[in-house]
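Predicted model, so just to flag it, every value in this text is computed and none were measured.
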Amino acid sequence: MPTQTRTQRRIDSRDAQLLIQFLLTLEQVLHVTITTEGLFIPTQFQQSFLAGWREVRPTIRQLVRILRTHKFDAKLRTNGLTGPQLVMKMAVYQDALEKIQSFFSQYAPDNVAPQAQSPTVPPKETIGQKARKRGRELLQYFFKPANVVLGSMAKAIPLAELLHELKGTVETALDHTDLHEAIDKEKVWVQGSSATPVSWSIQER
């Protein structure tokens with residue numbers, strides 16, 4: 001009988017489980033980020049993000065089922081999602097996930113169990129503006145290692161690109177939130193000052 005080559009062999013079951021756990025925890029973080037109104041995503045984007053999330057979220061369960069079939073093992077291996085490379089990437093990812101859990105536990109300690117695998121968001125009114133900004137910074141820190149894993153997964157399993165694109169759009173919205181809060185501060189300052197408003201209308205000569 002012909003022997004299987006290295007690229008034909010199934011990946012280690014522990015690697016497959018790491019990737020599945022990655023998808024499930026990423027799902028939880030994205031769900032909290034998108035569905036908690038006005039906390040992370042600018043309010044004017046909320047409905048469009050909810051609609052996008054409803055469409056993309058089932059992709060995660062599809063990816064979990066695909067990983068369990070082992071049909072894409074060779075491509076996962078080629079894209080660095082097995083063995084020591086995967087362990088290295090997941091170590092950074094897990095560190096970021098734990099930091100998010102730690103942050104939220106300061107505001108809602110009863111909501112985050114020690115063994116929790118995903119963060120639980122506290123009520124919006126319990127988080128001040130500085131703390132919300134810190135939360136967004138931690139989410140951005142979390143999404144960076146998630147992007148490495150998800151980007152490699154999308155190269156191996158094209159379906160993952162939908163999730164990859166949604167995550168990237170969420171990151172962009174987090175940046176927009178900081179900008180919108182800065183603009184709101186400027187509006188308050190202008191309204192309380194004697195400065196003359198700038199006119200953007202074009203005058204005919």
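Put simply, the side chain of K71 does not reach to within 4.5 Å of the side chain of I66, judged on heavy atoms. A heavy-atom distance below 4.5 Å is not found between the side chains of M153 and H164. The shortest distance between side-chain heavy atoms of L63 and I157 falls below 4.5 Å.
For Y93, the ring-ring contact (aromatic ring centres under 6.0 Å, His included) partners two or more places apart in sequence, or in a different chain, are F22, F142. Shown here are the side-chain contact (heavy atoms from CB on, under 4.5 Å) partners of R14, two or more places apart in sequence or in another chain: D12. With sequence neighbours excluded, the residues satisfying side-chain contact (heavy atoms from CB on, under 4.5 Å) with E98 are Q94, Q101.
Closest non-hydrogen pair, A154 versus E161, comes out as CB-OE1, 3.3 Å. Contact between L166 and G52 at its shortest, heavy atoms only, is CD1-O, 3.8 Å. Shown here for I41 and T33, the closest heavy-atom pair between the two residues is CG1-O, 3.4 Å. Residues K99 and Y141 come closest through the heavy atom pair CD-CE2, 3.6 Å. Closest heavy-atom contact between L30 and V170: CD2-CG2, 4.1 Å. P42 and A173 get closest at one heavy-atom pair: CD-O, 3.5 Å.
For Q140 (side chain) and G135 (main-chain N/O), no donor-acceptor pair under 3.5 Å exists by modelled atom type. Checked by atom type and distance alone, the side chain of N147 never pairs as donor or acceptor with a backbone atom of F143 at under 3.5 Å.
The pair K144-E171 does not count as a salt bridge, with every side-chain nitrogen at least 4.0 angstrom from each carboxylate oxygen. Salt bridge R77/D73: absent, no basic N to carboxylate O contact under 4.0 Å.
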Could you go step by step and tell me if Q62 and L159 meet the side-chain contact (heavy atoms from CB on, under 4.5 Å) rule? CA-CA 9 Å; Q62 290 177 262; L159 182 63; 3.8 Å; yes

I would like to know whether S152 and K89 meet side-chain contact (heavy atoms from CB on, under 4.5 Å); could you show each step before the answer? CA-CA 11 Å; S152 297; K89 294 168 184 174; 4.0 Å; yes

Can you check side-chain contact (heavy atoms from CB on, under 4.5 Å) on K133 and K130, steps first, answer last? CA-CA 5 Å; K133 181 177 175 61; K130 287 184 178 180; 5.7 Å; no

How far apart are the C-alpha atoms of T35 and F49, what are their side-chain angles, what is the distance that settles it, and do they pass the side-chain contact (heavy atoms from CB on, under 4.5 Å) test? CA-CA 8 Å; T35 62; F49 269 73; over 6 Å; no

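L162 and V148 end up in different hydrophobic clusters when Ile, Leu, Val, Met, Phe, Trp and Tyr side chains are linked at under 4.5 Å. L81 and L24 fall within a single hydrophobic cluster, where Ile, Leu, Val, Met, Phe, Trp and Tyr are joined by side-chain heavy atoms under 4.5 Å apart, directly or via other members. Transitive grouping of hydrophobic side chains (ILVMFWY, heavy atoms separated by less than 4.5 Å) brings W53 and L26 into a common cluster.
When each of L19, L18, L23 is checked for a side-chain contact (heavy atoms from CB on, under 4.5 Å) with V149, only L19 meets the rule.
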